[in-house]
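Working notes, structure below.
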Amino acid sequence: MNNLLAKLGQNPKRSLSIFLSGLGLFTVGLVFIAIGYFYHHFWQILGLFILALACTIAAWGYLGLFANRWFNILNRHSPNNRK
C-alpha cells in the first residue's frame with residue numbers, strides 16, 4: 001500500500017494542476033447547462049457530459065493530492081528522545 005501511495009502522490013504540483021483543470025471544466029459544464037436552460041436543451045446535454053468528465057478529472061487530481069498527504073502522514077518519523 002505504501003508503494004501505491006508513493007506512486008499516486010509523487011508529484012503534488014501536477015495533481016493540483018489536474019484538480020484545478022477539472023474544476024475549470026466543471027465551471028464550463030455549468031455554463032453550458034445554464035445556456036441550455038435559456039436556449040436549446042442540447043446545450044444542457046453537452047454540459048452534463050462536460051460535467052461528468054470534469055468530475056472524473058478533478059477526482060483524479062484530488063486522489064493524487066490525498067495520496068501525497070496520506071503518504072507523508074504514514075512516513076512521519078518521530079524524533080528520538082534519547083541522550
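None of these values were measured; they are calculated from a predicted model.
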Group every Ile, Leu, Val, Met, Phe, Trp and Tyr by side-chain heavy-atom contacts under 4.5 Å, then state whether [X] and [Y] land in the same group.
X	Y	result
I33	Y39	no
F19	F26	no
L51	L46	no
L23	L48	no

Roughly how far, to the nearest 0.5 Å, is [atom2] of [Y] from [atom1] of [X]?
X	Y	atom1	atom2	answer
S15	F66	OG	CZ	13.0 Å
I57	I18	CD1	CD1	9.0 Å
I35	Q44	CD1	CD	10.5 Å

Q. Taking the six-membered ring for Trp, are W43 and F32 parallel (under 30°), tilted (30 to 60°) or perpendicular (over 60°)?
A.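 It falls in the parallel class, under 30°.
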Q) Closest approach of L16 and L65, non-hydrogen atoms and distance? A)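 Heavy atoms of L16 and L65 come nearest at N-CD2, 4.0 Å.
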**Q.** Donor-acceptor contact present, side-chain N72 to main-chain N68, <3.5 Å
**A.**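 Yes.
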